Structure formats: structure tokens, C-alpha cells
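Below is one structure; the comments refer to it alone.
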Amino acid sequence: MKKALIFGVTGQDGSYLSRLLLKKKYIVHGVIRRSSSINTRRIDDIYQEPFAQKKNFILHFGDVTDGTSVNDLIYKINPTEIYNLAAQSHVAVSFNIPEYTTNADALGALRILDSIVKINPKIKYYQAGSSEMFGKVQTFPQNESTPFYPRSPYAVSKVYAHWITVNYRESYNIFASNGILFNHESPLRGETFVTKKIVKALCRIKNNKQKKLYLGNIYAKRDWGHAQDYVLAMWKILQYKKPDDWVISTGKQYSVKQFINLVAKKIRLKIFWKGKGLNEKAYSEKNEPIVEIKKRYFRPAEVDNLKGSSQKAKKILKWKPSKDINDLIHDMTEYELNEISNEK
Ligand code: NAP
Ligand code: GDD
């Protein structure tokens, strides 16, 4: 029976990946951080699933900034596969806490890799890399050959994690692979990422529970996929016959403003835009401003334009996204509207 160890199990991807692996009959060990408030909201309901029990979904305290806990867990569990999803994953926040972000996102990867080499070099390793590493993009669309040009402490840390994964693979002959995943979203997305922020706010505005949504740069373009599809890619990456680096994306790109318009259309919230720059606003049918731009949500350096090409994963791993932007918006708005109706 395969044993997986997931660092970052309480996050969006950790939750979807746990469900996928449990369905595939893995024993799943997940690492949670001590927190003064509950941080297991995304995984608590896994125990209600027919495929999960206390004995095949096992949680442990640990932290990737604490080498002793990383080493101890890998030694005790001796898993078949490790998925390193643990990160301070908010790009804007990484400018506020750059040192912590580097410790968790860059050195966290090194700690796990080093334990694998020392404890059991047969353990397979997945590194959660990011399209943010392409940053100020050097080719269009971006694929495995596109040079990195990171634009935030988060992205610089992920570039380190990428290269230390390659280095340990080449130096110690371990099965260590990088996924270079473009933005992926879901109903379980963290509340401060732009898609979730937009979907939640517009659904609440539609239901008279909120008046306004404040955003930053609405002209940034992203290649948004669905987290459910992307965790399948992570698993496929570790099942391939050899370790490698893989871009995972949809190949389609939308601006933040286009995303707002698609969500508004989906929930039948009529909006129209007026103004320019910081004065640009979206108005409701009643001519009330409901989306406004605030300088505080702009980043010191922005990533303007991401669009991936995952031809390699399509050809070799036989992976392609099953859900498009409309399916994603459907899932996210359904979830949010249901949350609102449960409040009533
Ligand atoms: P997320 O929702 O922010 O989840 C991050 C997870 O890491 C959470 O479980 C968090 O725990 C945990 N974590 C944070 N710091 C930690 C530490 N010091 N020690 C142990 N665990 C720690 O992120 P996600 O969207 O699921 O993304 C998963 C991974 O993929 C991240 O590494 C992210 O950078 C990367 N990635 C994400 C995307 C995307 O679009 N979602 C794209 C490319 C790459 P708490 O719940 O306690 O905070
Ligand atoms: N979060 C946020 N909040 N972003 C905003 C806002 C706002 O109010 N207004 C505009 N944006 C813009 C950001 O400036 C950025 O250009 C874009 O919306 C997307 O921002 P996020 O949703 O925060 O995602 P991200 O692209 O910065 O990073 C996510 O994707 C990466 C993969 O490319 C994160 O999940 C990273 O962890 C991941 O690596």
C-alpha cells in the first residue's frame, strides 16, 4: 500500500490532493501547523467521505521551518511519496514578510530534500513550483524552457526551491520533480486571492450583504485553472517513469477585469464600467459604485501577463484540464451562494 506525506495538507491543494490519494487507496499522512485558531476547515469533512477513516488519513503537527520536525516525520512515516505544498503562498504578503517566506518556501524544500537523501533516497518528491517564477515573462506562452524572472520574495523563494530540487535530483539521483503550476482556483481557494475575493464579494453584493469590493490592478492577466485538475497532474508527475519538470496550465488567459465581468454575468448582476486608473469603477444598475480601485492592493512589482503551454504534460503524462473558466466560475459561485443561503 502506498503512503503519501503531504506538507501543506490544510491548504486548497492539500485538501483536493488528500481526497484524490485516499480514493486511490493511499494511506495519507498530512502535516498541520499549530495554530491558535482552527486551520483544518478544508479537511475536516474528509472523514465523512466513505473512502476516509482515522487509520488512512493521519494528521501530524509539524512545520517546514522546523528541520527537526521535518526530519522526524519523514523518518517515522517513511512514505512512498512526499508532496511539498507547504508555503506562505500569498505573493503580496511576501513583500511584508520576505524573510519568513524565504525560510518556509525556499529552505522548507531544502530541509525535506535533505531528509530524503539521509533517510531513504527511494522516497519520491514533488515540489510545488509556480508560474510566478516566470514573472516578467521572457517568452510567450511560458513552457519548461522559458527562463525565470521572479518579481517577488515569494517567486524568488520558489526559484530557489525549483533549482535545489533539480540539484538534489542530479547530485543524489533521487526521484525529485518540479511542477510549475499556473494559477488554480476552487471553492476552497483562500479568501484573499483575487478570484475568491471577487466571487465572494459579488455574490454578497447581489444578495445585499455587502456594498463594495476594493481591488488593485485589474489589468493583470492570468491563466486560471481548477485545483481539482491540477492535483491530478501532481500525482501523475510522481507516477511517470523518471523525475522531471512540468508546466501545468490551461493555455487560456483572462484579465482580472474580464474575470469580474464573467462572474457578474454568471450571477446576473448587471454592471457597467466608467473612469480610468485609480478612478475606474464598476457601477450597479442603480448607478451605485460596487467595485473600486485602491492603491494599497497594488504590488511593489507586478506580474502582468501569464499564459502557459503544457504541451509536454499533455503529450507525455496524458494530462489536460477537464474544466474551463466557466466551469470554475460555476463551482465557485454555487459554493458562495450556498454559503450565503445557509447564513439566512
Ligand atoms: P494555500 O492554500 O495557501 O496552502 C498552503 C499550505 O501550506 C497550508 O496548508 C498552510 O498551512 C501550509 N503552510 C504554510 N506555511 C507552512 C509552514 N511553515 N510549515 C508547514 N506548512 C505550512 O496554497 P495552495 O493554493 O493550496 O497551494 C499549494 C502550494 O502550491 C503552495 O506551495 C503554493 O505556493 C503552490 N502554488 C499554488 C498555486 C495556486 O494557484 N494555488 C500555483 C502554483 C503554485 P495553514 O493552513 O496552517 O496556513
Ligand atoms: N490578491 C489580490 N487581491 N490580487 C489582486 C487584487 C486584490 O485585491 N486586485 C488585483 N489583483 C491582481 C494581483 O495584483 C495579481 O496580478 C492578480 O490579481 C492575481 O493575484 P492573486 O489571486 O493574489 O494570485 P497571484 O497570481 O499573485 O498568485 C497565485 O498564483 C501563483 C501562480 O501563478 C498564488 O496562488 C501563488 O501562490 C501562486 O504561485
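Every number for a ligand or one of its atoms is a count from 1 in the order of the listing. Please read all numbers here as calculations on a predicted model, not as lab measurements.
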Look only at interatomic distance and state if [X] has a nitrogen or oxygen under 3.5 Å from any nitrogen or oxygen of ligand 2.
X	answer
V194	yes
W224	no
T195	no
Y297	no

Going by the atom numbers of ligand 2, which of them fall below 4.0 Å from some non-hydrogen atom of [X]?
X	value
G216	6 (C), 8 (O), 9 (N), 10 (C)
N217	9 (N), 10 (C), 11 (N), 12 (C)
Y154	36 (C), 37 (O), 38 (C), 39 (O)

(message) For ligand 1, which is the ligand I care about here, please tell me if K158 has any N or O atom under 3.5 Å from one of the ligand's N or O atoms.
(response) yes
Note to self: Between ligand 1 and S130, is the shortest N or O to N or O distance under 3.5 Å?
What the structure shows: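 For ligand 1, there is no N or O atom that lies under 3.5 Å from one belonging to S130.
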Less than 3.5 Å apart, which donor and acceptor atoms pair up between the side chains of residues 298-308 and the rest of the protein, not counting sequence neighbours?
| from | atom 1 | to | atom 2 | distance (Å) |
| --- | --- | --- | --- | --- |
| E302 | OE2 | N217 | ND2 | 3.1 |
| N305 | OD1 | Q253 | NE2 | 2.3 |

Counting heavy atoms under 4.0 Å, the part of Y100 that contacts ligand 1 is side chain
With heavy atoms and a 4.0 Å threshold, my read on which part of E132 contacts ligand 1 is neither
Residue, atom and distance of the protein heavy atom nearest atom 9 (O) of ligand 1 read T10 OG1, 2.6 Å
Report yes if the side chains of Y16 and S186 come closer than 4.5 Å at any heavy-atom pair, otherwise no.
yes
- Query: Does E292 come within less than 4.0 Å of K212, counting only side-chain N to carboxylate O?
  - Reply: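 Salt bridge flag = yes for K212 with E292.
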R19/E49 salt bridge by N-O under 4.0 Å criterion:
yes
- prompt: Does K24 make a cation-pi contact with W235 (under 6.0 Å, within 45 degrees of the axis)?
  reply: yes
(request) Evaluate the ring planes of F259 and W224, with Trp represented by its six-membered ring, and classify them as parallel (under 30°), tilted (30 to 60°) or perpendicular (over 60°). (result)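 Ring orientation of F259 relative to W224: tilted.
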